[in-house]
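First the structure, in the form of structure tokens, and then the observations on it.
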Number of protein chains: 2
Amino acid sequence: MWAVTAEHPARRPGGRTARVRAAVHQAVIDLLHEEGWDDLNVALVAERSGVHQTTIYRRWGTLAGLIDDVVTERLTRSSPVPDTGTLRGDLEAYALQVADDVSGPLGPVFVRAAMIGTRDGEETTPRQIYLLERAVQLQAMLDRARDRGENPPTLLELMEIVQAPLYFHAIFFGRPAGTDHTLTLVDRLLALTGKS
Amino acid sequence: MWAVTAEHPARRPGGRTARVRAAVHQAVIDLLHEEGWDDLNVALVAERSGVHQTTIYRRWGTLAGLIDDVVTERLTRSSPVPDTGTLRGDLEAYALQVADDVSGPLGPVFVRAAMIGTRDGEETTPRQIYLLERAVQLQAMLDRARDRGENPPTLLELMEIVQAPLYFHAIFFGRPAGTDHTLTLVDRLLALTGKS
DNA sequence: ACACTAACGCAAAAAGTATTGCTTTAACTT
DNA sequence: AAGTTAAAGCAATACTTTTTGCGTTAGTGT
């Protein structure tokens, strides 16, 4: 019923397993581009990927679990925390990266999946681990700024003033914030900490 | 396939119809309290409410449609836009109201439902209408402040600086922001517009 | 190279979800 | 108070999703 992927730390990670995983992931991404979120189901993914339905159920348990895995995978790859040498540079790079993550056909899906995946009272999911790691990295980014003698915001402020509005846009307006507006959010964050 | 509720503007709104609607709504709310989001299905709602499954399908089409109706109904009731006489008073009252809306067992469900309900290319839903009406009311609240000679933020700023973080908290931290923190958000909004 | 077994494929069955045709109830109309 | 019909009940059916048992394939260790 649960994702085997996270259970055993990979008892046989070799060729075929990896190939199947890649094919299924690619199928999910393709289908999310072509069809919408609502028309996505395990049967479609199976057909597109050439992987049997049963295999998908056994490895990922549910469609939600699979999407969770895909989203986490994508986020983990495509997002090294920036280190440009200045606080503003780091924040702008980070903000644009997030804006980009929630762009395109997959953006709203990411955010939606992030929320839907959040189940109550269940054991730790790969994405929760990812979010935690990411929080640590972002904190390190802010710490670097402090070490340089700059006056960085807290992690919470970063999330509330930059991250939250970016997600909000993607969800409720159905489209991501533009570049200008994204940079405005960073200005707002810096103005806040620059003043007090 | 779609919610009949919104189709005909109520061709027979009388006693029984209203009773059935109330019973079903109550069952949904109760079940969301007791079980989680994930275990909720039409069969359970039918059993709990004493209303036949067929009736639920015919009136609301799907579980998502039903939840949409319940959420919209709740939001519509419990939230008159404040009019305290001062901008700060209005904003604080509003922020606390939102924080309260996303509190309790139903809070995350509300936010989640708000997102899930957002389907692409479908006709206007009752909740979209609600959100639009609400936006108009909030704009009116800000206009009142301007008429009094105060310097209110834009609607977008209100949503980004107050609303978005409150939702963000509820979703990602699994619990709503506290009173103190909610008021901090209002301070932040006022500081922003007070300065520039 | 050979044995071992995790992971996959396949088909059938089970469980869950949604639809349809018809009957009955009760709100509304006159 | 009698007729009309929207809305609800009921049961049978169709459709979709998920699970299960077993045979096959191909990484992995010796």
Side-chain angles (χ1 to χ4, degrees), chain A residues 1-28 31 35-69 73 116-117 119 122, chain B residues 1-28 31-32 35-70 73 116-117 119 122:
Chain A
M1 193 44 160
W2 4 249
V4 180
T5 304
E7 293 290 290
H8 324 278
R11 303 185 32 126
R12 184 175 273 189
R16 184 164 65 163
T17 300
R19 271 200 308 280
V20 165
R21 191 174 131 98
V24 170
H25 276 216
Q26 192 57 51
V28 168
L31 288 170
E35 323 288 324
W37 163 278
D38 300 312
D39 303 316
L40 190 69
N41 57 37
V42 175
L44 266 181
V45 174
E47 189 186 16
R48 171 63 67 102
S49 63
V51 172
H52 203 94
Q53 230 171 318
T54 307
T55 300
I56 295 175
Y57 277 112
R58 271 204 273 254
R59 277 191 69 171
W60 287 281
T62 67
L63 182 62
L66 170 56
I67 292 176
D68 192 273
D69 191 39
E73 166 83 7
I116 293 173
R119 283 191 180 63
E122 219 170 84
Chain B
M1 193 44 160
W2 2 250
V4 179
T5 304
E7 293 289 292
H8 325 279
R11 299 181 43 123
R12 184 174 276 189
R16 183 163 67 162
T17 300
R19 272 201 305 280
V20 165
R21 190 173 133 100
V24 170
H25 277 215
Q26 192 58 49
V28 168
L31 288 170
L32 281 176
E35 322 289 325
W37 163 278
D38 300 313
D39 303 315
L40 190 69
N41 57 39
V42 174
L44 266 181
V45 175
E47 188 186 16
R48 171 65 68 103
S49 63
V51 172
H52 203 94
Q53 225 171 319
T54 307
T55 300
I56 296 175
Y57 278 115
R58 269 205 271 255
R59 278 192 67 173
W60 288 280
T62 68
L63 182 62
L66 171 56
I67 292 176
D68 191 275
D69 191 40
V70 172
E73 165 84 7
I116 293 172
R119 282 193 180 64
E122 219 169 85

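Chain letters run A, B, ... following the sequence lines, proteins first and then strands; every chain starts at 1.
Interface remark: the B/Arg58 side chain does not form any donor-acceptor pair with the C/dT19 base, using a distance-only criterion of under 3.5 Å. Under 3.5 Å, the side chain of A/Thr54 and the base of C/dA11 form at least one donor-acceptor pair of N or O atoms. Side-chain atoms of A/Arg16 stay outside donor-acceptor range of the base of D/dA26, with no qualifying N/O pair under 3.5 Å.
If A/Gly15 and B/Gly50 are placed on DNA chain D by their nearest nucleotide, the residue sitting closer to the 5' end is B/Gly50. Both A/Ala18 and B/Ala43 sit near DNA chain C, but only A/Ala18 has its closest nucleotide nearer the 5' end. Between B/Leu40 and A/Val20, the one whose closest nucleotide on DNA chain C sits nearer the 5' end is A/Val20.
In this structure, the CZ atom of A/Arg21 is 21 Å from the P atom of D/dA26, given to the nearest Å. Straight-line distance from the CZ atom of B/Arg59 to the P atom of D/dG9: 10 Å, rounded to whole Å. The separation between B/Leu63 atom CG and C/dT17 atom C1' is 11 Å, rounded to whole Å. What separates CG of A/Asp38 from P of C/dT17 is a distance of 17 Å, to the nearest Å. Rounding to whole angstrom units, CD of residue B/Gln53 and C1' of C/dA15 are separated by 13 Å. Residue B/Tyr57 contributes atom OH, which lies 17 Å from atom P of D/dA14 at whole-angstrom precision. Here the P atom of nucleotide C/dA7 and the CD1 atom of A/Ile56 are 16 Å apart, to the nearest Å.
Rounding to the nearest 0.5 Å gives a distance of 11.0 Å between CG of B/Asp68 and CG of B/Leu63. Atom-to-atom distance recorded for B/Gln26:CD and B/Leu31:CG is 10.0 Å, nearest 0.5 angstrom. Distance check, rounded to the nearest 0.5 Å: CZ of B/Arg58 to OG1 of B/Thr54 gives 6.0 Å.
Proximity of A/Asp69 to A/His25: side-chain heavy atoms (C-beta onward) are separated by under 4.5 Å at one or more points.
An OP1 or OP2 oxygen of D/dC10 is reached within less than 4.0 angstrom by a side-chain nitrogen or oxygen of B/His52. Distances shown here put every side-chain N or O of A/Thr55 at or beyond 4.0 Å from the OP1 or OP2 atom of C/dA7.
The side chain of A/Asn41 has D/dT17 as its nearest neighbour among D/dT17, C/dC8, C/dT17.
The shortest heavy-atom contact between A/Thr62 and A/Gly65 is OG1-N, 3.0 Å.
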